[in-house]
Amino acid sequence: MTSADQRPQTEDQPGSPPVADIARLADHVGQAVTVRGWVHHLRSSGKIRFLVVRDGTGLVQGVLVKGQLPDGDFQEFDRLTLESSLILEGLVRAEPRAPGGFELTVTRLEPLQIPQDYPIAPKEHGVGFLMDHRHLWLRSPRQQAILRVRDEVFRACRDFFHGQGFVLVDTPILTPTACEGTTSLFETDYLDRGKAYLSQSGQLYLEAAAMALGRVYCFGPTFRAEKSKTRRHLTEFWMVEAEAAFFTLEDIMGLAEGLVSYVVQEVLAHRGQELKILERDISPLEAAVPPFPRISYGEALARLNEGGQEMAWGEDFGGDEETLISQAFDRPVMVHRYPRQCKAFYMEADAANPELALCVDMLAPEGYGEIIGGSQRVADLEVLLTRLAEHRLPREPLEWYLDLRRYGSVPHSGFGLGIERLVAWLCGLKHVREAIPFPRLLDRLYP
RNA sequence: UCCCCGGUAGCUCAGCAGGUAGAGCGGGUGGCUGUUAACCACUUGGUCGGCGGUUCGAGUCCGUCCCGGGGAGCCA
């Protein structure tokens, strides 16, 4: 847990040993320390008692031996239950029998609060039950590990873009209209000005920012009111989106490949312990180094039809098709140049074949499906106006977007990366709902 | 919105051909000086999702509604 290295210390209590993070107990062998946290596990064997304590940095087993701490404190042990909050003082010992390698001989035990009937037991639970108790489920080692991987993904994304000269530009969450028009939006009242909608993408605003700063990205929540009920869907999810002036489709594919491979390598380098807790086979992650294979929609379609999965030209791929395509490769695959008819209005047509869009989807291996969608954007005002008409989108709310084509329009491209899908793949999760602290699903708004 | 599966103790589940409610875990009590989801003994624990129907009798069969899970479409 490298992040513990720089954790600021809180004030020690007079008369008590210094407070130590469990992750740093190695630095305190032979010393008296104070540990503050929650009871993770309890065992009693007559005159010797064990409790495993969690403090957010790790787990440590405390040993209570009668005579080595006040009798009153020893008896307090019997009142403890799972998730009791407490303060322990003790002597740090190297102990080969202990999972972390260190143990605490407890010299003082002070319960802070003792729960009755903590709902989550150290046994198997159903998904529905755990989701109802998500606020408590987060305390489990597995969920902690996922959240730490997620944190690493966020950090790595920001590092990558910063290193590539991209500027973080925050796009609005409350928007006057749809970005793409096709998907359903969450609607809300906006004071006295009618309806507002929760953003389903920062892309259009990011295009404006790219015309100011060249290379930009945004990182925020995204909302889709679709009645999707699959392992790959949330109604509220996080997306990192990039947009760069003068980038072609080829440029943006290189950027997407660079981002994903960098994030994977950072997670492998810094979150190996968490991946181990998750029992993740890391060989598919280790393989995710450039170059990622690139195939066209036409090639992908041909592969599917040869494999017996009959599909007509012009249709978008579903989850099953994505899985079949990705199974042919050992790393993420980029499928480019889909038929324009199944893609969004803002995508530039391929000059070599105007029926195709200059777009790309990156499919994660192991059936995790699309993690990135990107494209080169329409740069010409007249073309864009035609597209809006074709898609029957209202022009007035997008006049500002059209301005970008009136005032110094340039070729530009961008993509969006779904964070939860990436985290789910990295962690080997069965469902994206575990990749976000408090998932919002079709039929779930609690807790 | 559509298709499939499910709802029995706090949790995970079993319940035979329709005959009147079970286990493990958890909780409680006691025992044990090195336990690793400790172990042993005893004990606590139920509106069988709701409503209606068939039947002498329904957890079990039928209808319907509610809730949960999985999948499709759409998307990241």
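Chain A is the first sequence line, chain B the second, and so forth, proteins listed ahead of strands; every chain is numbered from 1.
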>> Which heavy atom of A/C157 sits nearest to which heavy atom of A/V263, and what is that distance?
In response: SG-CG2, 3.9 Å
> A/V63 side chain: which of B/G34, B/A72, B/C11 is closest?
Replying inline: B/G34
>> Between B/A14 and B/G59, how far apart are the two C1' atoms, rounded to whole Å?
In response: 12 Å
> Is there a Watson-Crick or G-U wobble partner for B/G6 with both distances under 3.5 Å, and which nucleotide is it?
Replying inline: B/C67
> Can you check the A/D132 CG to B/G10 P distance for me, whole Å?
Replying inline: 15 Å
> Of all the choices, B/U35, B/C75, B/A72, which nucleotide is nearest to the side chain of A/R43 once you look at every atom?
Replying inline: B/U35
>> Would you measure the distance from the C1' atom in B/G68 across to the matching atom in B/G53 and give it in whole Å?
In response: 26 Å
> Quick one: CD on A/E89 to CG on A/L109, what's the gap to the nearest 0.5 Å?
Replying inline: 10.0 Å
> What nucleotide, of B/U35, B/A76, B/G68, holds the atom closest to the side chain of A/H233?
Replying inline: B/A76
> If the C1' atom of B/G28 is compared with that of B/G45, how far apart are they to the nearest Å?
Replying inline: 11 Å
> For A/D316 and A/G126, take the nucleotide of RNA chain B holding the closest heavy atom to each; which residue's nucleotide lies nearer the 5' end?
Replying inline: A/G126
> Which atom names give the shortest non-hydrogen contact between A/E250 and A/R337, and what distance separates them?
Replying inline: OE2-NH2, 3.2 Å
> Considering only the P atoms, how many Å lie between B/U44 and B/G24, rounded to the nearest integer?
Replying inline: 13 Å
>> I'd like the P distance from B/C40 over to B/G26, given in whole Å.
In response: 11 Å
> Thinking salt bridges, do A/E95 and A/R93 make one under a 4.0 Å N-O criterion?
Replying inline: yes
> Which atom names give the shortest non-hydrogen contact between A/R303 and A/A328, and what distance separates them?
Replying inline: NH1-CB, 3.6 Å
>> Tell me the interatomic distance from A/L441, atom CG, to B/G69, atom P, rounded to whole angstroms.
In response: 8 Å
> Which part of the nucleic acid does A/H40 contact within heavy-atom distance under 4.0 Å: base, sugar-phosphate only, or nothing?
Replying inline: nothing
> For A/E321 and B/C75, what is the distance between atoms CD and C1' respectively, to the nearest whole Å?
Replying inline: 14 Å
> Roughly, in whole Å, what's the span from CZ in A/F317 to C1' in B/A76?
Replying inline: 17 Å
> Taking atom types as modelled and ignoring hydrogens, do the side chains of A/Q203 and A/Y346 form a donor-acceptor contact shorter than 3.5 angstrom?
Replying inline: yes
> Touch check for A/R93, heavy atoms < 4.0 angstrom, all strands: base, sugar-phosphate only, or nothing?
Replying inline: base
> Roughly, in whole Å, what's the span from CZ in A/F129 to P in B/U8?
Replying inline: 13 Å
> Over how many whole Å does the gap from A/D443 atom CG to B/C66 atom P extend?
Replying inline: 12 Å
>> Ignoring hydrogens, what is the shortest heavy-atom contact between A/D159 and A/Y262? Give both atom names and the distance.
In response: CB-OH, 3.7 Å
>> Using a 4.0 Å heavy-atom cut-off to protein, can you give one letter per nucleotide of nucleotides 26-33 of chain B, 5' to 3': B if the base is in contact, S if only the sugar-phosphate is, - if neither?
In response: ------BB
> Please give, in whole Å, the distance from B/A76 P to A/E236 CD?
Replying inline: 17 Å
> So does A/R444 get a side-chain nitrogen or oxygen closer than 4.0 Å to the phosphate oxygens (OP1/OP2) of B/G69?
Replying inline: yes
> Does any nucleotide pair with B/G30 by Watson-Crick or G-U wobble geometry, both distances under 3.5 Å, and what is it?
Replying inline: B/C40
>> Rounded to the nearest 0.5 Å, what separates atom CE in A/M253 from atom CZ in A/F292?
In response: 13.0 Å
> When rounded to the nearest Å, what value does the distance between P atoms of B/U47 and B/G6 take?
Replying inline: 23 Å
> Does B/A72 pair with anything, Watson-Crick or G-U wobble, both distances under 3.5 Å, and if so, with which nucleotide?
Replying inline: B/U1
> If you check every side-chain atom of A/E103, which of B/A76, B/G34, B/C11 has the closest atom?
Replying inline: B/G34
> Is a side-chain donor or acceptor of A/N305 paired with a backbone partner of A/M311 at a separation under 3.5 angstrom?
Replying inline: yes
> Taking any strand in view, what nucleotide pairs with B/G46 in a Watson-Crick or G-U wobble way, both distances under 3.5 Å?
Replying inline: none
>> Listing request: all side-chain hydrogen bond (donor to acceptor under 3.5 Å, both in side chains) pairs with a residue in residues 316-328 of chain A, at least two apart in sequence or in separate chains.
In response: A/Q309-A/E321
>> Salt bridge or not between A/E274 and A/R280? Use side-chain N to carboxylate O under 4.0 Å.
In response: no
Check nucleotides 1-5 of chain B for protein N or O atoms closer than 3.5 Å to its own N or O atoms and list the pairs.
| from | atom 1 | to | atom 2 | distance (Å) |
| --- | --- | --- | --- | --- |
| B/U1 | O4 | A/K227 | O | 3.1 |

> With both distances under 3.5 Å as the test, what is the Watson-Crick or G-U wobble partner of B/C13?
Replying inline: B/G22
>> I need the CZ-P distance between A/F223 and B/A76, as an integer number of Å.
In response: 16 Å
> Nearest to the side chain of A/T230, which nucleotide is it out of B/G34, B/G73, B/U12?
Replying inline: B/G73
>> It should be established whether A/R433 places a side-chain nitrogen or oxygen under 4.0 Å from OP1 or OP2 of nucleotide B/G70.
In response: yes
> Ring-on-base stacking between A/F237 and B/A76, under 5.5 Å between centres and under 30° between planes: is it there?
Replying inline: yes
> Given the C1' atoms of B/C11 and B/C74, what is the spacing between them in whole Å?
Replying inline: 36 Å
>> Does the structure show a Watson-Crick or G-U wobble partner for B/C61, both distances under 3.5 Å? Name it, or say none.
In response: B/G53
>> Using atom C1' in both nucleotides, what's the gap between B/U8 and B/C67 to the nearest angstrom?
In response: 15 Å
>> Applying a 4.0 Å non-hydrogen cut-off, can you work out what A/I372 is touching in the nucleic acid: base, sugar-phosphate, or nothing?
In response: sugar-phosphate
>> Are A/F161 and A/Y217 an aromatic pair, judged by ring center distance below 6.0 Å?
In response: yes
